[in-house]
Amino acid sequence: MPLTLEALNTKQEPGLGRPTKAHPPPPPHFPTDGRGGHTATASLAILPVLPPPSSAGEALLSHSAPHQIQPHQLDPMAVRFLLAVALALLLRPGEASVHEYRGLGFANKGNAFILHAGSEGLYAASPANATATANDDEDAAAVADSFIRFDKITFRRPEDAVDSVKETSSAKVQVLVFEIEDREMIGGSAYGGQKAICCTSDLAKLGACIEGSVIYRPSQVNPGWPKLFVASFDGSDLIATLPSRTIPITKTGMYNMYFIHCDPSLAGLEIEGKTIWKNPTGYLPGRMAPLKNFFGLMSFAFVVLGIYWFYQYMKSWREVLPLQNCITLVITLGMLEMALWYFEYAEFNETGIRPKGITFWAVTFGTVKRTAAEVIVLIVSMGYGVVTPTLGGLTSKVVMLGGTFFLATETLELVENLGAVNDLSGKARLFLVYPVAILDAAFVVWIFISLAKTIGKLQARRLMTKLEIYRKFAIALIVSVLVSVGWIGYEIYFKSTDVFNERWQYAWIIPAFWHVLSFSLLCVICYLWAPSQNSMRFAYDASEFFDRKDNLSLIRPAPSASKNGWSLSSTPDDKATKNVNTETSFDGDDEENKRE
């Protein structure tokens with residue numbers, strides 16, 4: 001989560017000390033994320049697990065779309081809702097290291113009017129470039145390989161605001177750029193009251209600042225920072241322009257940028273233009289950069305798994321089970337998803353703008369794969385094709401749960417990867433996150449209940465081959481759930497203790513873990529159900545589920561009576577049959593004697 005100037009408007013100790021209240025972290029969600037990784041919602045999970053909380057920095061990088069998604073304004077039909085979200089996100093300005101500002105307004109925070117312009121982790125330039133850029137910004141523009149650049153940024157104020165402005169007056173908009181370690185250098189108060197961003201008359205009287213300017217102190221550990229730039233309105237001018245310039249990055253850190261003005265007469269001020277943020281290796285934000293190589297490795301891992309699986313599949317194609325066809329589908333979708341994410345990150349790194357078409361298909365393939373995987377695990381846990389030939393009346397319920405899960409997950413993933421997360425209010429985020437979490441939990445509960453019943457049936461029938469494979473499957477699922485719960489706890493700890501994203505260089509591990517976990521579970525399932533010449537031994541066989549008593553009654557031969565009334569049956573119940581027939585014969589003789 002970025003340092004917000006709103007968070008600085010809290011009670012302070014006298015001077016320019018650290019706020020006594022930290023900005024709360026965002027609510028947890030499952031995920032994903034194109035801004036630092038995917039949620040479990042974009043995960044490759046074969047096992048549905050509770051979605052992990054979002055990275056604390058995932059909501060920081062998208063600052064270009066001014067509108068919020070209001071749930072109550074959306075079409076109530078699920079399919080139309082999904083299509084509307086996808087279309088809206090594809091048409092809106094994209095999150096990128098090229099941050100575009102168009103028609104955005106300033107928000108009133110305390111005694112200042114601010115606009116959060118960007119927040120990214122940037123690595124320092126290479127030593128050679130760092131030395132070359134130490135002298136002046138003009139030369140830095142040509143040689144810097146890690147920088148923040150202002151490009152054609154203009155500020156426009158409403159015409160009606162000019163009428164009340166004197167010809168000789170001057171209003172200014174200030175641009176503040178600082179590394180997160182210097183957050184305590186921003187703002188101050190005269191006598192220990194509420195911390196102010198803009199210099200007040202009391203502070204000006206003390207000589208601490210110039211009234212109407214942003215308050216900041218030079219950093220003791222990072223000379224030359226924070227950096228402050230000014231665009232001025234002279235007289236009745238409607239437009240003020242910020243000169244283009246480049247800020248070379250000579251120290252690795254999390255950098256924040258804010259546009260600020262302290263003049264109420266600039267109400268309704270709008271901004272247009274863009275800033276470009278670049279790392280030495282490309283335009284990917286620092287917390288996302290390692291994921292490019294990670295998805296490349298995951299693509300290679302899926303190719304290796306696919307080669308092994310398809311080789312086994314072709315060797316035993318005559319003995320392939322429907323379940324193995326489903327696993328083939330999941331592996332194929334996984335390879336496509338990982339390849340698309342890799343190319344998406346590679347394109348983003350080259351251009352600085354997210355390729356929305358590739359992102360959309362990567363999200364969609366991932367959601368289809370995850371939904372198919374969870375449904376497959378559920379029906380396998382129910383014993384479909386092993387202890388029962390059909391799902392009976394449960395088919396419609398499984399389809400309904402899977403369809404609802406797909407719609408909810410696709411919507412969340414599209415918003416997370418194509419939309420601007422910080423445009424969503426807390427309630428809107430929960431509106432998207434909670435349905436996915438609830439449906440995930442429903443899958444987990446239903447899977448384990450069904451799995452327990454299936455294992456019980458196999459034990460009762462003493463089908464040891466099938467029982468053994470189901471026991472291994474259950475162990476894999478239990479381990480996966482326990483590890484998932486443990487990792488969710490670690491995520492919560494990681495985010496709650498890193499409010500200002502100071503550990504941004506390790507944030508990529510959070511989403512990467514979910515991909516590794518789900519891929520590991522997929523490998524276990526591929527091992528347990530690998531195609532072979534004996535695959536049909538795991539298929540449903542009606543003869544295995546006849547009751548033993550019924551079997552005996554079907555094969556027991558009928559007794560044959562002799563002249564003396566003794567049965568000639570060869571069944572295990574010969575003795576009992578003889579007794580019954582003897583008694584019957586003697587009773588018949590008594591009746592004949594009576595008649596005589």
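Computed from a predicted structure; not experimentally measured. Heads up: numbering here begins at 1 and tracks the sequence.
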Original post:
Would the number of heavy atoms belonging to other residues, nucleotides or ligands and lying under 6.0 Å from OH of Y123 be above 12?
Top reply: yes
Original post:
side-chain hydrogen bond (donor to acceptor under 3.5 Å, both in side chains) between T154 and E272: does it pass, once the steps are laid out?
Top reply: CA-CA 5 Å; T154 59; E272 290 188 4; 4.8 Å; no
Original post:
Which heavy atom in L340 sits nearest to a heavy atom in I358, and how many Å separate them?
Top reply: O-CG2, 3.4 Å
**OP:** Kindly indicate whether the side chain of Y255, heavy atoms from C-beta on, has any atom under 4.5 Å from the side chain of I148.
**Re:** yes
Subject >> Note: R183-E502 ion pair, threshold 4.0 Å (strictly below) >> reply: yes
Original post:
Would you say I210 has more than 12 foreign heavy atoms packed within less than 6.0 Å of its CD1?
Top reply: no
Original post:
Are T364 and E410 linked by a side-chain donor-acceptor pair shorter than 3.5 Å?
Top reply: yes
Original post:
Would you call the rings of F295 and W341 parallel, tilted or perpendicular, where under 30° means parallel and over 60° means perpendicular?
Top reply: parallel
**OP:** Determine whether more than 12 heavy atoms belonging to other residues, nucleotides or ligands lie under 6.0 Å from atom CZ of R156.
**Re:** no
Subject >> C262/C199 sulfur gamma separation below 2.5 Å >> reply: no
**OP:** Check the surroundings of atom CZ in F294: do more than 12 heavy atoms from other residues, nucleotides or ligands lie under 6.0 Å from it?
**Re:** yes
**OP:** Could you check whether the rings of F106 and F155 sit parallel, tilted or perpendicular, using 30° and 60° as the cut-offs?
**Re:** tilted
**OP:** Answer with yes or no whether the side chains of S213 and K172 bring together a donor and an acceptor at under 3.5 Å.
**Re:** yes
Original post:
Taking atom types as modelled, is there a side-chain donor on S146 or N279 under 3.5 Å from an acceptor on the other?
Top reply: no
Original post:
Atom CG of L122 and atom CZ of R287: how far apart are they, to the nearest 0.5 Å?
Top reply: 10.0 Å
Original post:
Do Y101 and F259 have their ring centres less than 6.0 Å from each other?
Top reply: yes
Subject >> Rounded distance [0.5 Å steps], NZ in K195 versus CD1 in I186 >> reply: 8.0 Å
Original post:
Just wondering, do M335 and S299 contact through their side chains at under 4.5 Å, heavy atoms?
Top reply: no
**OP:** Decide yes or no on side-chain hydrogen bond (donor to acceptor under 3.5 Å, both in side chains) for E211 and S201, but give the supporting numbers first.
**Re:** CA-CA 6 Å; E211 185 174 359; S201 58; 4.9 Å; no
Original post:
For the residue pair Y490 and F513, is the inter-centroid distance of their aromatic rings smaller than 6.0 Å?
Top reply: no
Original post:
Would R149 count as a cation-pi partner of F147, with NZ or CZ less than 6.0 Å from the six-membered ring centre and within 45° of the ring normal?
Top reply: yes
**OP:** Hey, could you give me the CD/CZ distance between E337 and R370, rounded to the nearest 0.5 Å?
**Re:** 10.5 Å
**OP:** Report the distance from atom OG of S219 to atom CG of D182, rounding to the nearest 0.5 Å.
**Re:** 3.5 Å
Original post:
What heavy-atom pair brings F233 and A240 nearest, and what distance separates the two atoms?
Top reply: CE2-N, 3.4 Å
Subject >> Salt-bridge criterion met for K251 and E181 (N-O under 4.0 Å) >> reply: yes
Subject >> side-chain contact (heavy atoms from CB on, under 4.5 Å) evaluation trace for F500 with M254 >> reply: CA-CA 9 Å; F500 298 109; M254 174 62 67; over 6 Å; no
